[in-house]
Amino acid sequence: MNDSPSRPAAAAATVTVMLWASAFVAIRSAGTAYSPGALALGRLLAGALTLGVICLVRREGLPPRTAWRGIAMSGVLWFGFYMVALNWGEQQVDAGTAALVVNVGPILIALLGSRLLGDSMPPRLLAGMAVSLAGAVTVGLSMSGGGRSSVLGVVLCLLAAMAYAAGVVAQKPALSTAGALQVTTFGCLVGAVGCLPFAGQLVHDAAGAPVSATLCMIYLGVFPTALAFTTWAYALARTTAGRMGATTYAVPALVVVMSWLFLHEVPGPLTLAGGVLCLAGVTVSRSRPRRAAPVPEPRAASERTPAGES
């Protein structure tokens, strides 16, 4: 497979990254009124409903049997466990620490993809990931709230990163036999079924939640889940898991900008520098090496200019 995605796939990855970055802002707002499990279930139900309607309009059938293993694993790990763990973790630690720990995910994706999927790990990918990780560390340290992080919160964010990485690697083979919309729709449905034990809490929280928090939850389901996970699957089917994972290092930089615009949290110079490093690393990881100029072949003896001719 060609490691370099097409322009439509690159555009799809860009949409994913921007919407996932916006999710951090929405989660912060909705999380004040909804518990972690309830927020995950509400988000997944909204996403599954949106995707289901699209599938009906497009007359999408069931995925082939060979894709169900990857769909089920990604649904349980990524759509279900990851969302609950991340929501819970962000209630225990500050945003900077959460972003720093979760950004272990792309490294785990690259390692698992190389080990289990046979993905290549070119030097530019490794170099870009190193630069982006340095940027994520910088953003995390600059945004941390003075040591308020709890051990439980860090562990939850780390578990979320591990579930995210495992879910991506499990999803990749399913995309070889099923479409991106199919994989996303049924993965989201599996995650929603797994979160049904939180249904009672969702009903309780929704009764007392402000309209703004509920709208944020619906937004999370329609855009960062239904749309962004579909564009992610589309792009993932056309490149390696490691390269797609490296793309998500742009999320912390975008979160800084969105927090500035929507939450009026003015970033400091160190935060801005970390965001620039995140974006620079993504650029390096997705770049292609320059092709060496072809060396002209030596002319045959019969083609050489005879002595005395000019």
Side-chain angles (χ1 to χ4, degrees), residues 4-31 43-44 46-47 50-51 54 78-79 82-83 86-87 90 95-96 98-100 102-103 105-106 109 128-129 131-133 135-136 139-140 143 160-161 164 167-168 171 180-181 184 187-188 215-239 241-265 267 271-272 274-287:
S4 300
S6 62
R7 288 185 178 180
T14 301
V15 170
T16 298
V17 168
M18 293 185 67
L19 289 177
W20 282 355
S22 73
F24 281 87
V25 178
I27 288 173
R28 181 178 301 180
S29 177
R43 174 180 178 176
L44 289 168
T50 303
L51 290 165
I54 296 174
W78 194 9
F79 287 86
Y82 166 81
M83 290 190 183
L86 181 60
N87 292 343
E90 286 197 12
L100 172 59
V102 171
N103 267 289
I109 290 173
M129 291 178 69
V131 173
S132 290
L133 181 60
V139 171
M143 294 177 64
Y164 156 49
V168 170
Q171 187 187 66
L181 182 58
T184 306
C188 185
L215 290 177
C216 283
M217 182 177 66
I218 295 173
Y219 169 83
L220 286 167
V222 175
F223 293 99
T225 302
L227 177 56
F229 274 77
T230 301
T231 52
W232 165 276
Y234 175 86
L236 179 62
R238 289 157 177 81
T239 187
R243 192 173 294 276
M244 278 300 296
T247 303
T248 62
Y249 270 124
V251 169
L254 294 175
V255 170
V256 169
V257 175
M258 291 180 181
S259 297
W260 190 357
L261 293 176
F262 298 108
L263 301 178
H264 306 292
E265 296 178 351
T271 304
L272 291 175
V276 171
L277 281 177
C278 289
L279 296 177
V282 172
T283 301
V284 172
S285 67
R286 298 186 67 85
S287 64

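Basis for what follows: all heavy atoms, side chains included, without hydrogens, waters or symmetry-related copies.
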Task: Closest non-hydrogen atom pair between Thr230 and Ala180, with its separation - done: O-CB, 3.8 Å
Task: Minimal non-hydrogen separation, Trp20 against Pro224, with atom names - done: NE1-O, 3.1 Å
- [ ] Quickly, which of Thr16, Thr184, Thr14 forms a side-chain hydrogen bond (donor to acceptor under 3.5 Å, both in side chains) with Thr231? Name it, please.
- [x] Thr16
Task: Approximate separation, where rounding is to 0.5 Å, of Asn87 CG and Arg43 CZ - done: 7.5 Å
- [ ] Taking all heavy atoms of Ala160 and all of Leu86, pick out the closest pair and write down the distance.
- [x] CB-N, 4.0 Å
TODO: Heavy atoms only: give me the nearest Ala46-Gly221 pair and the separation to one decimal.
DONE: CB-CA, 3.9 Å
Open item on the list: Quick check: closest heavy atoms across Ala26 and Cys216, and the distance to 0.1 Å?
Closed with: O-CB, 4.0 Å
Task: Considering all heavy atoms, the nearest Tyr234-Ala12 contact - done: CD2-CB, 3.7 Å
Open item on the list: My understanding is that only one of Tyr164, Trp78, Tyr82, Phe223 makes a ring pair (Phe, Tyr, Trp, His ring centres under 6.0 Å) with Phe229; could you say which?
Closed with: Trp78
TODO: Report the distance from atom CE of Met217 to atom CG of Leu44, rounding to the nearest 0.5 Å.
DONE: 10.5 Å
Task: For Trp232, the option from Val168, Val17, Leu19 that meets side chain to side chain contact (heavy atoms under 4.5 Å, CB included) - done: Val168
